[in-house]
Amino acid sequence: EMKEVQVGKDAVLLIKDNDEFRAMGNKCSHYGAPLIKGAYSNGKVRCPWHGACFSTKTGDIEDFPACLPVPSYQVRVDGKNVILKGSNFGDKKVPLAACAKGSDERVFVIVGAGAAGATAAMHLRKQGFKGRVVLIGDEKYPAYDRPKLSKNMSIKVDKILLFTEADY
């Protein structure tokens, strides 16, 4: 069972599966579709618009086209009250360059510096890879959302970037 609830100014998706509660962001990180209208099964919520799938436990991406996870919250039940806690309200993006220089001599090369390549680099960092990540591509700009560009040819690049220059 899924229900959208207000927590302060934010709406959160509350999921009850048997006697276990989980809570996560209510919007798909791909295009903002309401996840309440999606499908829930086996600890995952699937977006109703493009099929992105997220873990209800961690908010992590289980299936694309989403490039970023959704927020997840710690849930505690106290009598009839469901209490949400977490410092991960908001973006769970991990900077692609998040590593200390010289901490790992390994090099991981990703051919393709678009959305898929940048997302792969982010997930390497999220999994703890501290080596050098090299993205090879011929794009003039950092990874951007190509479908948005095809729908609005005059949109500014900074409005459709998936990651900022600082993330690299």
Side-chain angles (χ1 to χ4, degrees), residues 1-100 103-104 108 110 114-131 133 142-148 151 159-164 166-168:
E1 177 183 356
M2 297 192 300
K3 183 178 182 179
E4 203 170 77
V5 297
Q6 282 298 125
V7 178
K9 296 178 189 174
D10 299 318
V12 172
L13 187 64
L14 186 64
I15 300 108
K16 182 180 180 190
D17 190 355
N18 294 319
D19 289 331
E20 184 177 357
F21 284 92
R22 293 186 179 164
M24 61 191 289
N26 69 322
K27 300 264 188 223
C28 177
S29 61
H30 180 230
Y31 278 169
L35 292 176
I36 187 72
K37 295 185 182 218
Y40 172 76
S41 178
N42 297 323
K44 298 177 183 110
V45 172
R46 186 164 297 277
C47 173
W49 290 357
H50 300 110
C53 192
F54 304 93
S55 164
T56 59
K57 186 179 252 185
T58 64
D60 287 336
I61 301 165
E62 297 285 334
D63 198 6
F64 295 95
C67 293
L68 297 172
V70 296
S72 63
Y73 307 90
Q74 295 175 7
V75 179
R76 181 171 58 87
V77 178
D78 184 13
K80 292 185 179 183
N81 297 316
V82 177
I83 300 164
L84 304 184
K85 178 184 174 193
S87 60
N88 54 349
F89 285 23
D91 198 2
K92 288 174 58 176
K93 185 168 56 172
V94 175
L96 305 179
C99 70
S103 63
D104 188 332
F108 201 101
I110 299 171
T119 300
M122 182 189 74
H123 284 283
L124 279 169
R125 293 291 184 228
K126 191 171 182 185
Q127 295 298 317
F129 182 72
K130 302 250 189 253
V133 176
Y144 60 92
D145 191 338
R146 285 180 185 264
K148 284 185 181 174
K151 292 168 181 37
K159 301 291 183 204
I160 59 173
L161 291 177
L162 297 173
F163 302 93
T164 66
D167 292 324
Y168 292 90

Work out which heavy atom in Ala121 is nearest to a heavy atom in Ile110; give both atom names and the distance. N-CD1, 3.7 Å
In the structure I gave you, are the side-chain heavy atoms of Pro69 and Met122 within less than 4.5 Å of one another anywhere? yes
Quick check for you: to the nearest 0.5 Å, what is the distance between Leu13 atom CG and Ile36 atom CD1? 5.0 Å
Please report the shortest heavy-atom distance between Ala23 and Leu14, naming the atom on each side. CB-CD1, 4.2 Å
Nearest heavy atoms of Met24 and Ser55, plus distance in Å: CE-O, 4.1 Å
Heavy-atom closest contact (Cys67 atom, Ala115 atom, distance): SG-CB, 4.2 Å
Under 4.5 Å between any side-chain heavy atoms of Val5 and Val12, yes or no? yes
Nearest heavy-atom pair of Trp49 and Pro34: which atoms, and what distance? CZ2-CD, 4.0 Å
Just how far is it from atom CZ of Phe54 to atom NZ of Lys44, taken to the nearest 0.5 Å? 13.0 Å
Could you tell me the separation between the NZ atom of Lys148 and the CG atom of Leu161, rounded to the nearest 0.5 Å? 10.5 Å
Is the backbone N or O of Cys53 less than 3.5 Å from a side-chain atom of Arg46, with the two atoms forming a donor-acceptor pair by type? no
Using modelled atom types and a 3.5 Å cut-off, is there a donor and acceptor pairing between side-chain atoms of Thr56 and backbone atoms of Gly43? yes
Quick one: does Thr119's side chain get under 4.5 Å of Phe64's, heavy atoms only? yes
Leu84 versus Val75: any side-chain heavy-atom pair under 4.5 Å? yes
Should the pair Asp17-Arg22 be classified as a salt bridge under the 4.0 Å nitrogen-to-oxygen rule? no
Output for pair (Ile83 CD1, Gln74 CD), nearest 0.5 Å, gives 12.0 Å
Treating Ser29 as the side-chain partner and Leu68 as the backbone partner, does any N or O pair qualify as donor plus acceptor under 3.5 Å? yes
Closest heavy-atom pair and its distance - Gln6, Gly8: NE2-O, 3.5 Å
Roughly how far, to the nearest 0.5 Å, is CD of Glu1 from CG of Asn18? 11.5 Å
Close side-chain approach of His123 to Ile61, heavy-atom, < 4.5 Å: yes
To the closest 0.5 Å, what do you measure between CG (Leu162) and CZ (Arg146)? 10.5 Å
